[in-house]
Amino acid sequence: MASVLDLLGAILLVGGTAFLLSGGIGLVRMPDAYNRIQAGTKSTTLGPLLTLAGVACLRPDWGLTLLLIGVFLLFTNPLSSQVLARAAHRVGVKQAPQTVIDRLAEDQGEQP
Amino acid sequence: MVAKGETIPRIRRVAVMFATLLLFWLMLMGRVTVDVLIVGAMASLAIALLFPSGLSFFTEFRATPKAFVAGLRYYGLFFKELVKSNLRLATIVLSPSLPIKPGIVKVRTTLKSRMGRLMLANSISLTPGTLTVEMEGEWLYVHWVSVESTDVEGATAEIVAGFERYLEVIYG
């Protein structure tokens with residue numbers, strides 16, 4: 001009966017998991033902390049969002065709660081990544097050799 | 001920042017926070033009964049009083065029709081960028097040569113409100129290859145996986161301009 005929704009839900013679940021996988025590969029392959037955080041942030045936002053959407057298709061009665069979890073993710077995920085990156089930069093975590101520019105370090109160098 | 005927060009009356013900030021939290025709680029519970037309302041109201045009031053200067057979704061929100069339209073278009077743009085961001089990142093990490101050119105660039109925002117700046121920083125963190133590292137007044141330091149322009153103007157146009165257009169209308 002609800003086969004269309006089931007199918008859509010399954011596709012969304014697989015899609016979300018695929019993005020999470022790409023994030024995981026990114027964590028391993030990226031050369032330094034900042035790029036790793038980048039890889040982690042993007043995929044751990046869209047991945048769970050798609051997964052939640054998939055679950056919402058399979059269990060429509062959970063829709064509202066799932067939507068709220070999604071909103072929570074959207075607001076908290078980038079925030080935590082930003083704080084991690086800032087902390088890393090403040091304690092002077094080295095950047096990868098490919099890094100072309102660091103305006104933040106330049107500006108901090110100017111200040112006494 | 002404290003001085004700016006004081007421009008909005010304390011009682012109104014607490015009220016907005018309280019209403020947002022209570023709405024969130026009711027949506028989470030999925031039913032409106034007396035016991036749910038009492039517990040929710042108590043918890044929301046306590047949190048709103050403990051963190052009066054905290055930001056909530058509707059802090060500094062301009063409740064005009066134009067802001068709602070801009071809000072919808074903002075989320076449209078946001079989700080498009082989020083998907084693009086993930087696809088691009090997946091391409092980068094899956095290609096054997098790992099084609100990155102990372103760096104931290106400086107961009108400038110014209111947004112004045114705290115909530116507007118918070119939303120901008122969050123949006124930047126979720127869009128293609130960019131991550132907000134540090135914020136100082138109107139300056140944002142953004143880590144970029146593949147730096148395309150190193151000067152302030154170029155980077156601002158590339159990273160900030162798209163979102164700023166809408167956030168300007170929503171939060172100012």
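Just so we're clear, the structure is a prediction, and the values are computed from it rather than from any experiment.
- Both the backbone and the side chain of A:Leu74 come within less than 4.5 Å of a heavy atom in chain B.
- Put simply, the side chain of B:Arg88 does not reach to within 4.5 Å of the side chain of A:Lys42, judged on heavy atoms.
- If you tally non-hydrogen atom pairs under 4.5 Å between each of A:Asp32, A:Thr45, A:Thr65 and chain B, the highest count goes to A:Thr45.
- B:Leu72 and A:Leu67 fall into different hydrophobic clusters, where Ile, Leu, Val, Met, Phe, Trp and Tyr are joined by side-chain heavy atoms under 4.5 Å apart, directly or via other members.
- The greatest number of non-hydrogen atom pairs below 4.5 Å with chain B, out of A:Met30, A:Gln82, A:Arg86, A:Arg29, is found for A:Arg29.
- Placement of B:Leu77 and A:Leu46 within a single hydrophobic cluster is found when ILVMFWY residues are connected by side-chain heavy-atom separations under 4.5 Å, directly or transitively.
- Of the two parts of B:Val142, neither the backbone nor the side chain holds a non-hydrogen atom closer than 4.5 Å to a non-hydrogen atom of chain A.
- Contact tally against chain B (heavy-atom pairs below 4.5 Å) for A:Asn35, A:Leu84, A:Leu64, A:Ile25: the top residue is A:Asn35.
- Of all heavy-atom pairs spanning A:Ala85 and B:Leu131, the tightest one is CB-CD2, 3.7 Å.
- The structure places CG of B:Leu94 at 7.5 Å from CG of A:Leu21, a figure rounded to the nearest 0.5 Å.
- Of the listed residues (B:Ser123, B:Pro96, B:Ala121, B:Ala90), the one with the most heavy-atom contacts under 4.5 Å to chain A is B:Pro96.
- In the model, B:His143 has a side-chain atom that pairs as donor or acceptor with a side-chain atom of A:Gln38 under 3.5 Å.
- From A:Leu49, atom CG reaches atom CG of B:Asn86 across 9.5 Å, with rounding to the nearest 0.5 Å.
- Taking each heavy atom of B:Leu89 and A:Ala39 in turn, the nearest pair found is CD2-CA, 3.2 Å.
- Looking at B:Leu28, both its backbone and its side chain come within 4.5 Å of chain A, counting heavy atoms on both sides.
- Proximity to chain A (any heavy atom under 4.5 Å) is restricted, for B:Phe79, to the side chain, taken from C-beta onward.
- Placement of B:Tyr75 and A:Leu50 within a single hydrophobic cluster is found when ILVMFWY residues are connected by side-chain heavy-atom separations under 4.5 Å, directly or transitively.
- In the hydrophobic clustering of this structure, B:Ile124 groups with B:Leu87; members are Ile, Leu, Val, Met, Phe, Trp, Tyr whose side-chain heavy atoms approach within less than 4.5 Å, directly or through other members.
- B:Val36 and B:Val32 fall within a single hydrophobic cluster, where Ile, Leu, Val, Met, Phe, Trp and Tyr are joined by side-chain heavy atoms under 4.5 Å apart, directly or via other members.
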